[in-house]
Amino acid sequence: MKLKSISSMILACALLITGCSSVAEKKQDKSNVVESASTTYPITVKHAFGETVIEKEPKNVVAISWSNQDTPLALGVIPAGVSKANYGKTDKNGLLSWTGEKYKELGVDKPVVFNDVDGLDYEAISSSNPDIILAAYSGLTKEEYDLLSKIAPVVAYPKLAWQTYWRDQIAINATAIGKKDEGTKLVSDLDKLIVEKTAKYPSIKGKKVAFCYFSPTDLGKFYIYTSTDPRAAYLIDLGLVEAESVKELAKTSKSFALEISSENIDKLTDVDMIVAYGNDVLLKQLQSDKLLGTLPAIKNGAVALIEDGSSLAASATPSALSIPATIDEYLKIIGDAAGKVK
């Protein structure tokens, strides 16, 4: 999932992976699910395109787009088909490592994977005979939703494309497959894991952060992910704080990323540290840039760099399976950057 409204180049690269400190942010948004205390049918799921009625417990679960398959897999449900990963290091089946490993754990060596990176493969999706299509975290258009709905009931994102937090992804997808209680426990277990892991990195807590995307070929502008994006929201889960300057810039936008001219870098002086896709070569470029290099976080090297296209880069957009798989590595990189804050 990348930012279609910015450019086709970003759509093809790191912006699409392309996944909160206040009580309101950490709570799951349950307003989109209408059901009784126990999982009984029919279930009605409200979303951006209306509502979907699920008449009975789905047997053939299909998950499309980014990370939706990880919820059923984490709950022991083997999907009848899933989308190929469009970013990160993938296995022979086109899946990210944590997804592929879970399939193997459940006894499946060759899962059904849709080659839909360049567009939904409606024929393949239909051939998998789905009872439900999970897309709680996706960029589905209304046209795509309507076409998929002719195949099976579709669970789309609650409000805006690519802006479903990992807790809500789990809650929505788990409820849709009849495992609401199991989904609630899964969220609780992951929250406990995050608390346990972050306790080892007290230097991270409270640092003001901005999750950015820099293009090495054009440093005249860059992008900041807002806290409506799962990447930036995950950093808050890990103990960081969204910089006030980023909050202020985001007030006038409904997008999950903001385009910033490097000439306006002085608006971000309250940022203690940055998380970005790249490596030491990019850091040197940033530090030598006459505009970006003036930002204290960049000047101090307080930049947590995630190798573009790596498994860790893919896991920066968190899912039910990626969080436990990569949290140690992620916290190590973030902790190292936090230690350079002056």
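Heavy-atom basis, side chains included; hydrogens, waters and symmetry copies ignored.
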Heavy-atom donor-acceptor pair, Asp270 side chain to Ala243 backbone, under 3.5 Å: no

Asp116 (side chain) donor-acceptor with Gly119 (main chain) under 3.5 angstrom: no

hydrophobic_cluster_shared for Leu240 and Leu312, side chain cutoff 4.5 Å: yes

Any donor-acceptor N or O pair under 3.5 Å, side chains Asn173, Asn68: yes

Contact check, side chains of Arg167 and Asp237, non-hydrogen atoms, under 4.5 Å: yes

ring-ring contact (aromatic ring centres under 6.0 Å, His included), paired with Tyr157, selected from Phe49, Tyr165, Phe256: Phe49

Side-chain heavy atoms of Gln69 within contact of Leu134, under 4.5 Å: no

Side chain Gln169, main chain Tyr137, donor-acceptor under 3.5 Å: no

Single-linkage hydrophobic cluster, 4.5 Å side-chain cutoff, Tyr234 and Ile334 together: yes

Partner of Gln163 under side-chain hydrogen bond (donor to acceptor under 3.5 Å, both in side chains), chosen from Thr226, Asp168, Thr228: Thr228

Stepwise salt bridge (charged side-chain N to carboxylate O under 4.0 Å, His left out) test for Lys332 and Asp328: CA-CA 6 Å; Lys332 174 65 168 60; Asp328 287 325; over 6 Å; no

Expected output: side-chain Thr294 to main-chain Leu291 donor-acceptor under 3.5 Å: yes

Thr52 and Tyr145: side chain donor to acceptor below 3.5 Å: yes

Approximate separation, where rounding is to 0.5 Å, of Thr44 OG1 and Glu55 CD: 8.0 Å

Approximate separation, where rounding is to 0.5 Å, of Ile54 CD1 and Ile177 CD1: 10.0 Å

Check: Lys180 main-chain N/O paired with Thr184 side-chain donor or acceptor under 3.5 Å: yes

Side-chain heavy-atom pair Leu321, Leu96 within 4.5 angstrom cut-off: no

Side chain proximity check, Trp98 to Thr326, heavy atoms < 4.5 angstrom: yes

Any donor-acceptor pair under 3.5 Å from Asn60 side chain to Ala80 backbone: no

4.5 Å side-chain heavy-atom contact, Asp109 and Lys104: yes

N/O donor-acceptor pair under 3.5 Å between Asp289 side chain and Leu292 backbone: yes

Residue pair Asn115 / Asp121, side-chain heavy-atom distance below 4.5 Å: no

Heavy atoms from other residues, nucleotides or ligands near CG of Asp118 exceed 12 (cutoff 6.0 Å): no

Mutual orientation of the aromatic rings belonging to Trp66 and Tyr87 [parallel < 30°, tilted 30-60°, perpendicular > 60°]: tilted

Heavy-atom donor-acceptor pair, Gln285 side chain to Pro216 backbone, under 3.5 Å: yes

Lys185/Glu182 under salt bridge (charged side-chain N to carboxylate O under 4.0 Å, His left out): CA gap, chis, key distance, verdict: CA-CA 5 Å; Lys185 183 179 184 304; Glu182 292 90 333; over 6 Å; no

Spatial distance of atom CD (Glu57) from atom CG (Asp131) [nearest 0.5 Å]: 10.0 Å

Check: Glu123 main-chain N/O paired with Ser126 side-chain donor or acceptor under 3.5 Å: no

Sub-4.5 Å side-chain heavy-atom contact between Val209 and Asp272: no

Cluster link Ile64 to Val61, ILVMFWY, side chain under 4.5 Å: no

Ala136 backbone acceptor or donor facing Thr164 side chain under 3.5 Å: yes

Euclidean distance, Thr71 OG1 relative to Lys179 NZ, rounded to 0.5 Å: 12.5 Å

NZ on Lys102 to CG on Leu75, rounded to 0.5 Å: 9.0 Å

Output field: ring centroids Phe211/Tyr223 closer than 6.0 Å: no

Flag side-chain contact, heavy atom, 4.5 Å: Leu305 against Asp280: yes

Check: Phe114 ring centroid to Tyr122 ring centroid under 6.0 Å: no

